[in-house]
Amino acid sequence: MSPLFPNKFPYKKRIILMISRTALILSFGAAMSSAAYAETYSNPDPIWWGRFFNAVESQQPDFEMIAKKDPAYIAASEFDRDEVLTRLVAELKQQQGRIDVGSAEITVTISATLGDYSAQAGGFPSSVFVPNMHLPIGVQKLFFRNFHDFRILSATRDQGKALRDRIGTRALTADVTLTNIQASTTRPRAFEAFVSKVVYTAADGLVVGEFTATEAAPLPASVAADQVATIRSKIIEMAGIPPLGTPWADARAIIQSSYPHSASDTYAYTDKGKVIAYQYDNGTTVLDAPHEENKAFRIYLQQTEGDWRTTRGFSVDLSAGNSVSVKGTGPGLACYTPGVIDRCAVLEFSPADGGHILTRAYGVIELERSGTTREAAEEFAGDNIAAFDAFGAQVDYDADTLKTGVLASYSGVRGVSAYVMGAGEDREGAPLYDPLENTTGLNSVTREVALFAIDGAPDRIPLLFVLQ
């Protein structure tokens, strides 16, 4: 029987993050076909998944522990158990060697319900492919990298009516084919799969939809490096900051041409006592003392004077207790200028060759709101989008403060949505600034370039960047 609504579409590589929901897997743990350990698998049981995940990570499972759970071992007498155990371990090792992680196609059957038809989306939202969804497999979690591309069961208005008349509100079964399973780079102790095919079937056996996707080939290293360099240059230009590697002596002039207010977070000791080492206001250099030779320092860049600086240093505004600091970005990531779409930044200079060079930076480029955070981030990346891995997340900023751009007089709702993208090589250590530091179940983004498009403001999207 041919599907009611066939559809095919290409897919450009992403890493999509999902938090804390689980999918109901039908027939999970069902016996595998006689073609077990070939390239195609159907609803394998948790023990097989455990061996597969070990193969993904190039680790050997505990064969003896697995063998002791086998019915043959359990049924063996005390006189035969050692011999049975030896045989089962040998079989498991042979089976493990047959698992080809790269070519494996695994189909799992999941219960799916359809939301209300949306003419704007062109179909029914599927309960299987939503943010926060994962498959619980033993102690592991398996996420869908490209869930966004299957979020809608496509149908015309007439097709939608026909389908609703046929199934009502009853659930469908979704046969989901997974390929290219990898250890997650965004979540600790988790895995991610590419969804290459989904077949929806009604309770009466009618195939109501079949959808496929093809994963784009990885970018050649040289192309990816060029794209990262291009997007880094765009961030530097739009943020009005010097390129990484610029000496402090040269960076100072660039900063002064872009920002009317800037100052160091460190002090110098002069005949007049302890003073801020560097301060620039409205075209005038107020202070410019030498920084300590063997100590890093930061320069805060703003468009306006305000609470971001005092004569004793800098205040740290927190959107709520224990939440992510907004030092340097202002309440609501508004650069201390609510109602004005502009930019701000924090630059870190590290000792080098007897002086200091710019090694890391973070800041905010405010964008006029014209769509979703994902659309804004992808539009900003432009032709360089293929260099990025991306996911959706919750970040710990105050929702009320983000709407107004000023520090709320009361603690509002903690946590707002963000679309996160990372590109380039991994850097060692903690990032200079980490909006995910209070978000559980996520790894920090330690790539050369990190972008966070933050939701919650009605007329703007703060695009927070981290360069390192």
Side-chain angles (χ1 to χ4, degrees), residues 13-32 36-70 89 92-93 95-112 127-148 150 174-198 215 389-394 420 436 439-445:
K13 185 175 183 289
R14 294 286 187 279
I15 296 179
I16 304 297
L17 185 60
M18 297 154 283
I19 307 173
S20 298
R21 292 190 185 178
T22 60
L24 175 61
I25 304 178
L26 302 180
S27 303
F28 200 77
M32 293 179 58
Y37 304 105
E39 295 182 356
T40 302
Y41 308 87
S42 178
N43 290 315
D45 60 33
I47 292 177
W48 181 91
W49 275 110
R51 295 201 299 268
F52 184 83
F53 290 147
N54 277 307
V56 170
E57 296 186 315
S58 300
Q59 297 177 354
Q60 290 295 319
D62 187 337
F63 294 112
E64 186 170 313
M65 181 190 70
I66 297 171
K68 287 181 177 180
K69 296 179 181 179
D70 191 282
V89 168
L92 288 170
K93 288 182 177 180
Q95 292 169 353
Q96 185 74 14
R98 294 174 186 167
I99 296 177
D100 185 348
V101 171
S103 62
E105 293 187 359
I106 305 165
T107 299
V108 294
T109 304
I110 303 172
S111 177
S127 64
V128 176
F129 301 106
V130 296
N132 309 325
M133 186 66 71
H134 65 263
L135 302 182
I137 302 173
V139 297
Q140 305 289 358
K141 295 178 180 179
L142 180 62
F143 298 89
F144 303 145
R145 280 199 297 280
N146 58 324
F147 83 93
H148 190 268
F150 289 92
D175 289 317
V176 181
T177 300
L178 307 174
T179 57
N180 194 17
I181 296 176
Q182 303 172 1
S184 175
T185 60
T186 59
R187 291 178 174 276
R189 301 176 301 281
F191 296 84
E192 295 174 349
F194 181 82
V195 180
S196 58
K197 184 178 180 180
V198 180
E215 189 168 20
D389 294 324
F391 57 91
Q394 289 289 112
V420 185
L436 298 173
T439 306
T440 58
L442 295 177
N443 295 327
S444 298
V445 180

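These figures come from a predicted structure and were not determined experimentally.
For the 3.5 Å distance criterion, the side chains of T439 and Q394 fail to qualify, holding no donor opposite an acceptor. Using a 3.5 Å distance cut-off with no hydrogens or angles, the side chains of T107 and S42 do not pair a donor with an acceptor.
One distance of note links NE2 of H148 with CG of N146; it measures 11.0 Å at 0.5 Å rounding. To the nearest 0.5 Å, atom CD1 of residue I137 and atom CG of residue L142 are 4.5 Å apart. Distance check, rounded to the nearest 0.5 Å: OG1 of T109 to CG of N43 gives 4.0 Å. A distance of 5.5 Å separates CZ in F53 from CZ in F191, rounded to the nearest 0.5 Å. Between atom CG of residue N180 and atom CD of residue E105 there is a gap of 11.0 Å, rounded to the nearest 0.5 Å. Separating the CD1 atom in I110 from the CG atom in L135 is a distance of 4.5 Å, to the nearest 0.5 Å.
M133 and F143 get closest at one heavy-atom pair: O-CD2, 3.6 Å. Here the closest heavy-atom approach between residue E192 and residue T186 is recorded as OE2-OG1, 3.1 Å. Taking both residues in full, the closest heavy atoms of Y41 and A104 are given as CE1-CB, 3.9 Å, listed atom of the first, atom of the second, then distance. Closest heavy-atom contact between A183 and V56: N-CG1, 3.8 Å. Among all heavy-atom pairs drawn from V128 and A174, the shortest one is CG2-CB, 4.5 Å. The shortest non-hydrogen separation linking S127 to S111 is OG-O, 4.2 Å.
With contacts defined as side-chain heavy-atom distances shorter than 4.5 Å, the pair I106/I181 qualifies. With contacts defined as side-chain heavy-atom distances shorter than 4.5 Å, the pair V195/L178 qualifies. In this structure, the side chains of V198 and D175 stay at 4.5 Å or more apart for every pair of heavy atoms.
Classified by interplanar angle (parallel below 30°, tilted 30° to 60°, perpendicular above 60°), the ring pair F144/F129 is tilted. Note on ring orientation: taking the six-membered ring where Trp is involved, the planes of W48 and F52 are parallel (angle under 30°, cut-offs 30° and 60°).
In this structure, E215 pairs ionically with R145, as a charged nitrogen and a carboxylate oxygen lie closer than 4.0 Å.
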